[in-house]
> 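First the structure, which I've put down as structure tokens, then a few questions once you've had a look.
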Amino acid sequence: MTDTPSEKSERRSLNFIHAFVEEDLREGKNEGRIHTRFPPEPNGYLHIGHAKAIHIDFGTAEKYGGMCNLRFDDTNPVKEEVEYIDSIREDIHWLGYDWEGREFYASDYFGKLYDFAVDLIKRGLAYVDDQPSEVIASQKGTTSVPGLESPFRNRTVDENLDLFQRMNKGEFAEGTRVLRAKIDMAAPNMHMRDPVIYRIINRPHHRTGTAWKVYPMYDFAHGQSDYFEGITHSLCTLEFEVHRPLYDWFIDKLMTDKYRPRQIEFNRLNLTYTVMSKRKLLQMVNDRVVNGWDDPRMPTLSGLRRRGYTPGSIKNFINSIGYTKVEALNDYSLLEFAVREDLNKTAPRVMAVLDPLKVIITNYPEGKTEELQTVNNPEDESMGSRTIPFSRELYIERSDFMEDPPKKFFRLGPDREVRLKSAYIIKCEDFEKDAEGNVTELHCTYDPETKSGGANAGRKVKGTLHWVSTEHAVEAEIRLYDRLFTDPEPDGHKEREFMEFINPDSLNVIRGFVEPGLTSAKTLDHFQFQRLGYFNLDPDSKPENLVFNRTVALRDTWSNK
RNA sequence: UGACCCGUGGUGUAAUUGGCAACACAUCUGAUUUUGGUUCAGAAGAGUCCAGGUUCGAGCCCUGGCGGGUCAACCA
């Protein structure tokens with residue numbers, strides 16, 4: 001069989017997970033079925049790390065004509081809340097995936113799991129341990145010293161059965177008894193040293209209420225849930241690698257036919273300048289470091305969405321970093337590149353001034369307003385054009401003028417010429433300063449012959465500035481978001497708390513001026529404010545108080561050297 | 001000092017059966033441009049953790065080191 005070049009390059013780009021999947025397919029495993037699942041615990045909002053999992057879970061199913069379930073891993077009523085379930089559903093949909101009604105809960109299987117536990121007891125493979133957790137922990141041994149067997153390890157089947165049933169009836173207090181799998185206290189893998197599989201919890205569960213007093217542990221619930229749902233490939237992150245022997249052990253005891261799920265682990269997403277642990281994100285929400293899970297500085301999907309990141313850009317980013325078994329730290333600039341690349345094609349170019357400096361065109365008639373034509377996107381004619389008002393008084397960006405400009409500064413300075421985007425070439429004749437020496441006002445003249453698009457517009461000047469007409473511009477609140485953390489690895493310091501690395505300037509709220517017409521923009525529509533970056537209208541923005549969030553800044557490559 | 005996993009430019013990935021180490025980001029030039037954006041062209045940057053071995057040929061196979069990660073929750 002010969003491959004076409006495209007087939008070759010397709011196989012070339014296969015990640016190791018898909019290589020495993022194809023191998024299983026070739027070997028005819030599970031009758032050629034591909035079925036994955038995305039299994040979040042509903043104890044927080046989804047973040048960009050989950051996007052990596054979502055893309056491989058749903059993406060693999062999509063690629064091989066299989067299915068992907070959504071399964072809420074809700075085995076611990078102490079930590080989980082209904083509130084999170086809705087946000088998780090919404091975020092998956094936002095990324096462009098659908099579980100087609102196959103929404104399951106680990107708690108759906110509490111009955112089956114209980115029966116399986118009873119079965120293990122009957123087969124002499126599980127026992128009730130009456131010891132407190134500290135004693136069980138101390139008997140576990142260490143990574144280099146074998147563990148000790150519990151004195152309750154060899155109870156009779158009848159006694160175990162009786163005790164386990166009474167555990168579930170609420171006869172015993174939390175922490176007084178657990179059910180353990182009987183495997184091997186001397187196993188080199190700690191997870192095989194008689195792991196706890198059921199514990200008593202006296203708190204109502206968000207779905208099953210008070211029906212159960214005992215709840216299965218992750219290891220006892222996850223693989224079995226996979227099995228019950230017919231999952232063929234259970235994709236998870238690297239830290240579960242050492243759990244795999246236990247996963248397989250339970251499946252061995254449960255298997256009734258040839259079908260068997262397979263766990264494959266990949267590297268989790270780590271981003272520079274970003275904290276991804278749900279525990280820490282929750283702490284930032286609780287400590288009011290940020291204004292909630294969807295604060296635009298948060299790495300949550302809802303935060304990124306509000307900030308203006310598009311689903312497509314996140315998908316491209318995830319694809320570009322790939323899936324391997326190497327613990328990687330991905331550069332934040334790669335994400336920003338993906339956003340700019342995506343937005344560049346779709347975002348109309350509009351004018352805004354963030355830090356205004358007044359300019360008076362001295363030879364322009366007072367009271368006159370011109371409607372100038374400007375294209376929405378110079379690279380995409382189909383996006384059309386619009387008109388913007390020009391008048392005698394304008395704002396330009398304060399940083400676009402230098403009293404004493406260095407050699408390679410192409411913007412405005414005394415006696416310098418510059419083009420106003422879509423308008424005229426102007427020349428700075430004079431400027432005023434206040435008592436502190438700050439420049440307060442520029443007096444310029446314009447050259448009527450150089451009107452943009454006109455017959456004589458061809459004269460070249462080095463710089464082009466964005467501007468707005470003071471009379472027509474709309475004042476808006478503009479939120480400039482920067483990195484929340486100052487250190488590339490706020491999470492990676494053993495001695496120092498990640499909170500010590502919080503950037504006090506991560507949010508700057510300013511009043512700027514935008515060209516008229518943006519007030520009717522739809523929420524989340526993107527704009528490129530010339531040279532300032534990509535912005536979007538905040539979902540909470542009101543017509544009387546426009547709020548724009550900066551999605552990502554453009555790189556201003558001019559440096560004062 | 002146990003078990004398992006992993007070491008490829010600064011970062012992240014690729015390299016078919018063992019066959020010239022490739023791509024993207026980042027960095028630096030230059031060109032075009034009514035955005036110092038975009039686009040285009042180019043440069044620099046690793047000889048694949050180390051040492052042996054097998055082979056005509058090793059990033060890939062074997063052996064031994066070294067380095068990093070995960071695991072000893074009644075969390076997931």
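Numbers restart at 1 for each chain; the letters A, B, ... are given by sequence-line order, proteins then strands. Just so we're clear, the structure is a prediction, and the values are computed from it rather than from any experiment.
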> Could you walk me through whether A:Asp226 and A:Arg71 satisfy the salt bridge (Lys or Arg N to Asp or Glu O under 4.0 Å) test, starting with their C-alpha distance in whole Å, then the side-chain angles of each, then the deciding distance to 0.1 Å, before giving a yes or no?
CA-CA 9 Å; A:Asp226 285 343; A:Arg71 182 168 72 230; 2.6 Å; yes
> Under 4.0 angstrom, heavy atoms only, what part of the nucleic acid is A:Leu329 near: base, sugar-phosphate, or nothing?
sugar-phosphate
> Tell me the interatomic distance from A:Glu239, atom CD, to B:rA3, atom P, rounded to whole angstroms.
22 Å
> Less than 3.5 Å apart, any donor N or O on the side chain of A:Glu265 or A:Gln263 sitting next to an acceptor on the other?
yes
> Which nucleotide in the set B:rA76, B:rU38, B:rG2 lies at the smallest distance from any side-chain heavy atom of A:Pro188?
B:rG2
> When you check the side-chain N and O atoms of A:Lys345 and A:Asn377, is any donor under 3.5 Å from an acceptor?
no
> Could you work out the separation of B:rG10 and B:rA3 based on their C1' atoms and round it to a whole Å?
34 Å
> Could you tell me the separation between the CD atom of A:Gln139 and the C1' atom of B:rA72, rounded to a whole number of Å?
13 Å
> May I ask you to verify whether the side chain of A:Glu379 and the base of B:rG37 hold a donor-acceptor pair under 3.5 Å?
yes
> Pick the C1' atom in B:rU34 and in B:rU29, then give their distance to the nearest Å.
25 Å
> Within less than 4.0 Å of OP1 or OP2 of B:rA26, is there a side-chain N or O belonging to A:Arg340?
yes
> May I ask you to check whether A:Arg386 and A:Asn376 show a side-chain donor-acceptor distance below 3.5 Å?
yes
> Mind checking A:Pro40 for me? I need base, sugar-phosphate or nothing, with any heavy atom below 4.0 Å counting as a touch.
nothing
> Would you mind telling me which of B:rA76, B:rG36, B:rU34 lies closest to the side-chain atoms of A:Ser452?
B:rU34
> Taking atom types as modelled and ignoring hydrogens, do the side chains of A:His466 and A:Glu397 form a donor-acceptor contact shorter than 3.5 angstrom?
yes
> With heavy atoms under 4.0 Å as the rule, sort A:Ser133 into base, sugar-phosphate or nothing.
base
> Looking at B:rA22, which nucleotide sits across from it as a Watson-Crick or G-U wobble partner, both distances under 3.5 angstrom, or is there none?
B:rU13
> Could you tell me whether A:Thr75 contacts a base, only the sugar-phosphate backbone, or nothing, with contacts defined as non-hydrogen atoms closer than 4.0 Å?
sugar-phosphate
> Please report the distance separating the C1' of B:rA46 from the corresponding atom of B:rC23, rounded so that it comes out in whole Å.
14 Å
> For a quick check of understanding: with a heavy-atom distance under 4.0 Å over all strands, which category does A:Gln528 fall into, base, sugar-phosphate or nothing?
base
> Side-chain donor or acceptor of A:Thr324 under 3.5 Å from a matching atom on the base of B:rU13?
no
> Please determine if a side-chain N or O atom of A:Lys460 lies less than 4.0 Å away from the OP1 or OP2 oxygen of B:rU34.
yes
> Give one of base, sugar-phosphate or nothing for A:Thr143, where a contact means two heavy atoms less than 4.0 Å apart.
base
> Can a side chain N or O of A:Arg193 be found less than 4.0 Å away from OP1 or OP2 on B:rA3?
no
> Report which part of the nucleic acid A:Gln131 touches: base, sugar-phosphate, or nothing (heavy-atom distance under 4.0 Å, all strands).
base
> Can you tell me how far P of B:rU33 sits from CG of A:Asn377, to the nearest Å?
18 Å
> What's the closest nucleotide to the A:Lys79 side chain, out of B:rC71, B:rC5, B:rA76?
B:rA76
> Round to a whole Å and report the spacing from CD1 of A:Ile318 to P of B:rC25.
17 Å
> Does a side-chain N or O from A:Arg531 land closer than 4.0 Å to OP1 or OP2 of B:rG36, or not?
yes
> Rounding to a whole Å, what distance do you find between A:Arg244:CZ and B:rC4:P?
12 Å
> If you look at every strand shown and take non-hydrogen atoms under 4.0 Å, does A:His222 touch a base, only sugar-phosphate, or nothing?
nothing
> Choosing from B:rG36, B:rG37, B:rC4, which nucleotide comes nearest the side chain of A:Arg349?
B:rG37
> Please give the distance between the C1' atoms of B:rA26 and B:rC20 as a whole number of Å.
27 Å
> If we take the P atom in both B:rG65 and B:rC71, what is their distance in whole Å?
25 Å
> The side chain of A:Ala328 is closest to which nucleotide in this list: B:rA76, B:rG12, B:rG36?
B:rG12
> Of the nucleotides B:rU70, B:rA72, B:rC74, which has the atom closest to the A:Val178 side chain?
B:rC74
> Quick one: is the NZ or CZ of A:Arg550 closer than 6.0 Å to the six-membered ring centre of A:Tyr534, and within 45° of its axis?
no
> If you look at every strand shown and take non-hydrogen atoms under 4.0 Å, does A:Lys421 touch a base, only sugar-phosphate, or nothing?
base
> Looking for any heavy atom pair under 4.0 Å, which part of the strands does A:Gly322 touch: base, sugar-phosphate only, or nothing?
nothing
> Kindly label the base of B:rG10 as syn or anti, based on whether its glycosidic torsion lies within 90° of 0.
anti
> Tell me what A:Arg555 touches on the nucleic acid: a base, only sugar-phosphate, or nothing, going by heavy atoms under 4.0 Å.
sugar-phosphate
> Look at A:Asn267 and B:rU13 and indicate whether a side-chain polar atom (N or O) is within less than 4.0 Å of OP1 or OP2.
yes
> Side chain of A:Arg180, backbone of A:Asp194: donor and acceptor closer than 3.5 Å?
yes
> Under a 3.5 Å limit for both distances, which nucleotide forms a Watson-Crick or G-U wobble pair with B:rG67, could you say?
B:rC6
> With heavy atoms under 4.0 Å as the rule, sort A:Asn189 into base, sugar-phosphate or nothing.
nothing
> Base, sugar-phosphate alone, or nothing: which one does A:His191 contact when heavy atoms must sit under 4.0 Å apart?
sugar-phosphate
> Would you kindly compare A:Ser320 and A:Ile136 by the position of their nearest RNA chain B nucleotide and give the one closer to the 5′ end?
A:Ser320
> Using Watson-Crick or G-U wobble geometry with both distances below 3.5 Å, tell me the partner of B:rU34, or none.
none
> B:rG45 and B:rG2: how far apart are their P atoms, nearest whole angstrom?
42 Å
> Just checking, is any N or O donor in the side chain of A:Asp91 or A:His50 under 3.5 Å from an acceptor N or O on the other one?
no
> Among the nucleotides B:rU34, B:rA24, B:rA76, which one has an atom lying closest to any side-chain atom of A:Asn76?
B:rA76
> Without hydrogens or angle criteria, can the side chains of A:His222 and A:Arg37 be said to hold a donor-acceptor pair below 3.5 Å?
yes
> B:rC5 P sits how many Å from A:Gln263 CD, rounded?
13 Å
> Rounding to a whole Å, what distance do you find between A:Met217:CE and B:rC71:C1'?
14 Å
> Heavy atoms only, 4.0 Å cut-off, all strands: where does A:Lys140 land among base, sugar-phosphate and nothing?
sugar-phosphate
> Of A:Arg459, A:Arg411, A:Lys427, which meets salt bridge (Lys or Arg N to Asp or Glu O under 4.0 Å) against A:Glu417?
A:Arg459
> Would you indicate which nucleotide in B:rU70, B:rU34, B:rA76 comes nearest to any side-chain atom of A:Glu327?
B:rU70
> Nearest whole angstrom, please: distance from the C1' of B:rU38 to the CZ of A:Phe337.
11 Å
> Is the phosphate of B:rU11, meaning OP1 or OP2, less than 4.0 Å from a side-chain N or O of A:Ser333?
no
> From the options B:rA76, B:rC74, B:rC25, select the nucleotide whose nearest atom is closest to the side chain of A:Leu334.
B:rC25
> Among the nucleotides B:rA73, B:rU34, B:rC4, which one has an atom lying closest to any side-chain atom of A:Val242?
B:rC4
